[in-house]
Amino acid sequence: MKKKKKFEHKAAYRPSKQQEGAVRAKKHLGQHFLKDENIAQKIGDTLTLANYKQVLEIGPGMGVLTKCLLKKNIDVYAMDLDTESIAYLQQNFMLEHAGTANTKNVFKVIEGDFLKYDVSKIFGKEAFAITGNFPYNISSQIVFKALELRDQVPEFTGMFQKEVAERICEKEGNKTYGILSVLVQAFYRAEYLFTVSAEVFNPPPKVQSGVLRLSRKEDYTLPCNEKLFFRVVKAAFGQRRKTLRNSLKAFNLTDNLKEDIIFDRRPEQMSVEDFIVLSVRIEKDIT
């Protein structure tokens with residue numbers, strides 16, 4: 001990788017007077033700006049800083065969480081696709097907080113969509129953590145993208161809509177247990193940390209929020225075909241009210257395998273380990 005520059009400053013455009021004071025939260029981007037600095041500090045402190053020195057913040061908005069991250073001994077990359085937020089962060093925010101940040105480290109503002117962005121342009125093959133106050137309308141997609149990057153992402157923390165955060169951390173046997181629960185917990189230890197009320201946002205959302213931490217397992221390689229594992233989990237929960245015998249018909253399994261009692265279960269009754277065992281059996285059956 002090229003040698004990093006401290007506090008890269010690339011102005012997109014000069015902000016107007018209205019932009020200098022604030023950034024408008026945009027409904028179509030799912031933006032609700034965190035305004036409580038104590039909550040921001042608590043979110044920043046969810047990062048353990050273990051086995052990585054770089055952090056990608058997704059959806060920094062007006063930089064309330066960013067300010068907390070800049071005080072830590074890490075390189076901070078703040079990514080947003082909102083040009084108004086980018087302009088604010090590159091201009092006013094940079095000037096206000098450059099003096100209080102840890103100047104030994106990198107701070108760079110990046111205009112981009114995390115779901116489409118090639119993060120190897122930033123991190124190469126190096127490890128980095130992900131954090132943020134995630135836009136609710138794409139939060140699940142952010143998790144799926146992070147799973148694709150699991151070889152580089154040892155830790156993932158941040159704020160979601162409460163029910164989504166709970167679903168990610170849920171265990172089998174509950175109605176909220178689903179695809180996200182299984183796929184995340186196959187590779188990470190999931191912890192629901194605390195709940196955040198709507199009043200600490202501008203504008204306040206109609207729901208509560210929840211903060212979680214995902215810590216990658218020491219051995220996160222599955223003892224099965226991982227692509228098949230993903231397919232099995234998604235197919236099973238695609239018809240979650242049916243037994244596995246019915247929801248997995250597309251795999252054209254032999255009658256002998258379908259007689260196994262595991263196929264009498266519904267997906268919410270299956271632990272991560274159960275899905276791994278099932279994937280191994282299916283692979284043997286179809287090959």
Side-chain angles (χ1 to χ4, degrees), residues 56 58 113-120 125 127-130 134 137-158 160 163-191 212-254 257-258 260 262-287:
L56 175 64
I58 299 172
D113 181 350
F114 171 69
L115 300 179
K116 301 175 182 178
Y117 201 91
D118 180 3
V119 294
S120 66
K125 295 184 178 181
F128 65 97
I130 294 174
F134 304 117
N137 58 347
I138 59 167
S139 60
S140 295
Q141 296 174 61
I142 289 172
V143 175
F144 283 124
K145 176 68 179 291
L147 287 176
E148 294 176 8
L149 299 168
R150 58 188 176 274
D151 288 338
Q152 285 183 262
V153 181
E155 191 166 69
F156 180 113
T157 76
F160 293 78
E163 65 179 30
V164 175
E166 290 176 333
R167 185 183 309 138
I168 291 171
C169 301
E170 190 61 270
K171 297 298 182 183
E172 69 275 12
N174 295 283
K175 291 183 179 180
T176 54
Y177 180 73
I179 294 175
L180 268 179
S181 318
V182 177
L183 297 184
V184 168
Q185 293 176 44
F187 306 102
Y188 291 84
R189 292 185 298 277
E191 306 170 80
L212 57 71
R213 175 168 54 228
L214 308 180
S215 306
R216 192 178 62 195
K217 297 176 180 179
E218 290 184 12
D219 181 5
Y220 61 95
T221 302
L222 303 186
C224 66
N225 182 309
E226 293 186 357
K227 289 185 179 179
L228 179 60
F229 175 81
F230 273 72
R231 284 179 56 207
V232 169
V233 172
K234 290 180 179 180
F237 282 101
Q239 301 182 69
R240 63 179 302 141
R241 294 185 179 181
K242 295 184 178 181
T243 63
L244 297 174
R245 187 172 289 106
N246 291 311
S247 61
L248 299 181
K249 280 183 177 180
F251 288 86
N252 296 317
L253 305 175
T254 63
L257 179 60
K258 287 189 292 186
D260 193 305
I262 196 171
F263 286 92
D264 292 330
R265 299 187 196 176
R266 288 180 172 79
E268 67 267 18
Q269 299 172 309
M270 299 276 290
S271 68
V272 172
E273 292 72 22
D274 291 332
F275 273 110
I276 291 173
V277 170
L278 178 61
S279 298
V280 170
R281 292 182 186 176
I282 289 177
E283 183 175 18
K284 290 179 179 178
D285 189 71
I286 64 179
T287 55

| field | salt bridge (Lys or Arg N to Asp or Glu O under 4.0 Å) involving Lys145 - partner list, sequence neighbours excluded | value | none

| What distance separates Leu278 CG from Ile262 CD1, expressed to the nearest 0.5 Å? | 5.0 Å

| Do Glu268 and Lys175 come close enough that some side-chain heavy atom pair is under 4.5 Å? | no

| field | Listed partners of Asp260 passing salt bridge (Lys or Arg N to Asp or Glu O under 4.0 Å), at least two apart | value | Arg281

| field | Side-chain (Glu170) to main-chain (Val182) donor-acceptor, under 3.5 angstrom | value | no

| Within the side chain of Arg266, is there an N or O that forms a donor-acceptor pair under 3.5 Å with the backbone of Arg241? | yes

| Side chains of Phe251 and Asp285 in contact at under 4.5 Å (non-hydrogen atoms) | no

| query | Does any non-hydrogen side-chain atom of Phe230 lie less than 4.5 Å from one of Leu222? | reply | no

| message | Using the rule side-chain hydrogen bond (donor to acceptor under 3.5 Å, both in side chains), only one of Arg245, Gln269, Lys258 pairs with Asp264; which is it? | response | Arg245

| said: Measuring only between side-chain heavy atoms, which start at C-beta, is Pro223 closer than 4.5 Å to Val280? | reply: no

| Validation row: Phe114, Leu56 side chains within 4.5 angstrom (heavy atoms) | yes

| request: Decide whether Asp118 and Ser120 meet the rule of one side-chain donor and one side-chain acceptor closer than 3.5 Å. | output: yes

| said: Please give me the minimum heavy-atom distance between Val143 and Ile168, naming the atom from each residue. | reply: CG2-CD1, 4.0 Å

| message | Within the structure provided, determine whether Val164 and Arg167 are in side-chain contact (heavy-atom separation under 4.5 Å). | response | yes

| query | Relative to each other, are the rings of Phe275 and Phe229 parallel, tilted or perpendicular (30° and 60° limits)? | reply | perpendicular

| said: Return the CD to OG distance between Glu172 and Ser271, rounded to the nearest 0.5 Å. | reply: 5.0 Å

| said: If I take atom CG from residue Leu147 and atom OH from residue Tyr188, how far apart are they, to the nearest 0.5 angstrom? | reply: 6.5 Å

| Are the side chain of Tyr177 and the backbone N or O of Met270 linked by a donor-acceptor pair below 3.5 Å? | yes

| request: Please report the closest heavy-atom contact between Leu228 and Glu283, naming both atoms and the distance. | output: CD2-CB, 3.6 Å

| Which atom pair, heavy atoms only, marks the closest approach of Gln141 to Asn137? | NE2-O, 3.9 Å

| In Å, rounded to the nearest 0.5 Å, how long is the span from CG of Leu248 to CG of Leu253? | 6.5 Å

| query | Roughly how far, to the nearest 0.5 Å, is the CG atom of Asn225 from the NZ atom of Lys284? | reply | 13.0 Å

| Just how far is it from atom CG of Leu149 to atom CD1 of Ile130, taken to the nearest 0.5 Å? | 6.0 Å

| Residue of the set Val184, Leu212, Thr176 for which side chain to side chain contact (heavy atoms under 4.5 Å, CB included) holds with Cys169 | Leu212

| said: To check you understand the geometry: which heavy-atom pair defines the closest contact between Glu191 and Ser215, and what is its length? | reply: OE2-OG, 4.1 Å

| query | When the ring planes of Phe160 and Phe134 are compared, do they come out parallel, tilted or perpendicular, using 30° and 60° as the limits? | reply | tilted

| request: Look only at the side chain of Arg216 and the backbone of Phe156, and say whether a donor-acceptor pair between them is shorter than 3.5 Å. | output: no

| field | Nearest non-hydrogen partners of Val272 and Ala186, listed with the distance | value | CG1-CA, 3.7 Å

| query | Is the number of heavy atoms from other residues, nucleotides or ligands under 6.0 Å of Lys217 NZ greater than 12? | reply | yes

| request: With the side chain counted from C-beta on, respond yes when Phe187 and Leu214 share a heavy-atom pair under 4.5 Å apart, and no when they do not. | output: no

| task | With sequence neighbours excluded, give me every salt bridge (charged side-chain N to carboxylate O under 4.0 Å, His left out) pair touching residues 225-237. | result | Arg150-Glu226

